[in-house]
Amino acid sequence: MLLVQRPTKICPPQPPRRPSSNIWHSLSFVVLSLMLTGYSWGTELGSVKVEVSRQEQTLQIRGRYQVAANPDQVFAVLTDYERMQQFVPGLLSSKVLAREGKVLRLQQQSRHQLGPFSVVADSISRIELRAPEEILCQSLQNSQGEFNSSTRIQGLGERSEVIFEASWRPTNSVLLNLGSSAVRARVQEQLASMQQEIQRRYPPLSQLQAKAP
């Protein structure tokens with residue numbers, strides 16, 4: 001008896017299956033839940049401490065750190081607005097529009113990643129310089145909502161402590177509902193960059209002695 005072999009059916013390779021939309025929704029929910037319950041990424045940056053609390057539609061921010069530099073040196077770095085984009089992450093541009101005595105108008109543009117959202121902010125602020133103890137910032141125009149802050153510098157012998165306090169009223173309710181952890185991580189990163197720049201320009205005496213031949 002003659003056996004006839006049927007040809008084998010060859011199926012073309014199938015593209016990898018993408019996760020269903022339900023999975024993507026679940027992942028998004030997990031990310032938002034982690035932020036809303038206080039989980040944060042990279043919030044331990046050196047000795048910079050930041051606290052963020054919500055009061056109705058406003059976020060209250062308070063941060064502090066210490067540096068081995070005197071108040072005059074700290075003040076010089078914190079008010080170096082024309083070069084600030086070189087050492088502050090997320091700051092795209094910084095320009096002094098006008099200056100009258102101790103008061104100036106500052107224009108800045110920044111981009112920040114708050115959780116899954118990329119936020120671009122354009123702002124014009126009134127800056128009052130009270131050297132070397134305090135810097136006051138009042139927003140005149142801000143695409144992401146009203147933002148006001150004060151920075152105080154306290155001398156502690158051979159060190160200085162910087163205390164940053166701010167209030168932010170986001171125009172976007174989604175940003176407000178992200179929770180404090182995302183904002184805390186971003187502010188902590190910025191304050192840490194200031195701290196590092198101060199120590200880069202004014203290294204502690206122990207570091208200079210270690211580098212001496």
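This chain uses plain numbering: 1 for the first residue, then up along the sequence. For the numbers below, each heavy atom of this structure counts, side chains included, while hydrogens, waters and symmetry mates do not.
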Partners meeting side-chain hydrogen bond (donor to acceptor under 3.5 Å, both in side chains) with [X] (sequence neighbours left out):
X: T151; result: none
X: E161; result: R64
X: S123; result: none
X: R111; result: none

Checklist entry - Linking I/L/V/M/F/W/Y whenever their side-chain heavy atoms sit closer than 4.5 Å, directly or via other members, would F87 and V96 fall into one cluster? => result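 The answer is yes; both residues are in one hydrophobic cluster.
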Can you tell if the side chain of [X] reaches within under 4.5 Å of the side chain of [Y], non-hydrogen atoms only?
X: M194; Y: L78; answer: yes
X: I127; Y: L136; answer: no
X: Q195; Y: V48; answer: yes
X: S167; Y: I61; answer: no
X: V183; Y: W168; answer: yes

Suppose clustering is done on Ile, Leu, Val, Met, Phe, Trp and Tyr with side-chain heavy atoms closer than 4.5 Å. Which residues sit in the same group as I124?
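Taking Ile, Leu, Val, Met, Phe, Trp and Tyr as members, I124 shares its hydrophobic cluster with L97, L140.
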inquiry  = Which residues end up grouped with V103 if you chain together Ile, Leu, Val, Met, Phe, Trp and Tyr wherever their side-chain heavy atoms are less than 4.5 Å apart?
reply    =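 Traced through the cluster, V103 reaches no other member.
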Ignoring hydrogens, what is the shortest heavy-atom contact between [X] and [Y]? Give both atom names and the distance.
X: Q144; Y: N142; answer: N-OD1, 2.9 Å
X: G63; Y: L191; answer: CA-CD1, 4.1 Å
X: A166; Y: S149; answer: CB-CB, 3.6 Å

Using 0.5 Å steps for rounding, measure from the [atom1] atom of [X] to the [atom2] atom of [Y].
X: I153; Y: F164; atom1: CD1; atom2: CZ; value: 12.5 Å
X: Q138; Y: S150; atom1: CD; atom2: OG; value: 12.5 Å
X: I135; Y: R152; atom1: CD1; atom2: CZ; value: 12.0 Å
X: R200; Y: S193; atom1: CZ; atom2: OG; value: 12.0 Å
X: E197; Y: M84; atom1: CD; atom2: CE; value: 9.5 Å
X: Q141; Y: E146; atom1: CD; atom2: CD; value: 13.0 Å

*asked:* Please list all pairs meeting salt bridge (Lys or Arg N to Asp or Glu O under 4.0 Å) that have one or both residues in residues 118-131, counting only residues at least two apart or in different chains.
replied: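 As it turns out, the salt bridge (Lys or Arg N to Asp or Glu O under 4.0 Å) pairs with a partner in residues 118-131, which skip direct neighbours, are R126-E128, E128-R130, R130-E134.
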| request: Sequence neighbours left out, what pairs pass salt bridge (Lys or Arg N to Asp or Glu O under 4.0 Å) with at least one residue falling in residues 81-92? | output: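 Every pair satisfying salt bridge (Lys or Arg N to Asp or Glu O under 4.0 Å) with a residue in residues 81-92: D80-R83.
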Should I163 and Y65 be marked as a side chain to side chain contact (heavy atoms under 4.5 Å, CB included) after you check the CA-CA gap, both sets of side-chain angles, and the distance that decides it?
-> CA-CA 7 Å; I163 302 172; Y65 60 91; over 6 Å; no
List in chain and number order the residues that pass side chain to side chain contact (heavy atoms under 4.5 Å, CB included) with [X], two or more places apart in sequence or in another chain; answer none if no residue qualifies.
X: S110; result: L91, H112, A121
X: Q73; result: A69, N70, Y202
X: A68; result: R159, Q199, P204

- Task: Mind jotting down which residue pairs meet the side chain to side chain donor-acceptor pair (under 3.5 Å) criterion with at least one end in residues 92-102? Sequence neighbours excluded, please.
- Result: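 The answer is S94-Q108.
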Worksheet entry | Short side-chain to backbone donor-acceptor contact, R201 and P203, under 3.5 Å |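 Checking the backbone N and O of P203 against the side chain of R201, no donor-acceptor pair under 3.5 Å is found.
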(request) Output, in order, the C-alpha distance, side-chain angles, deciding distance and verdict of side chain to side chain contact (heavy atoms under 4.5 Å, CB included) for C137 and N148. (result) CA-CA 6 Å; C137 174; N148 299 309; over 6 Å; no
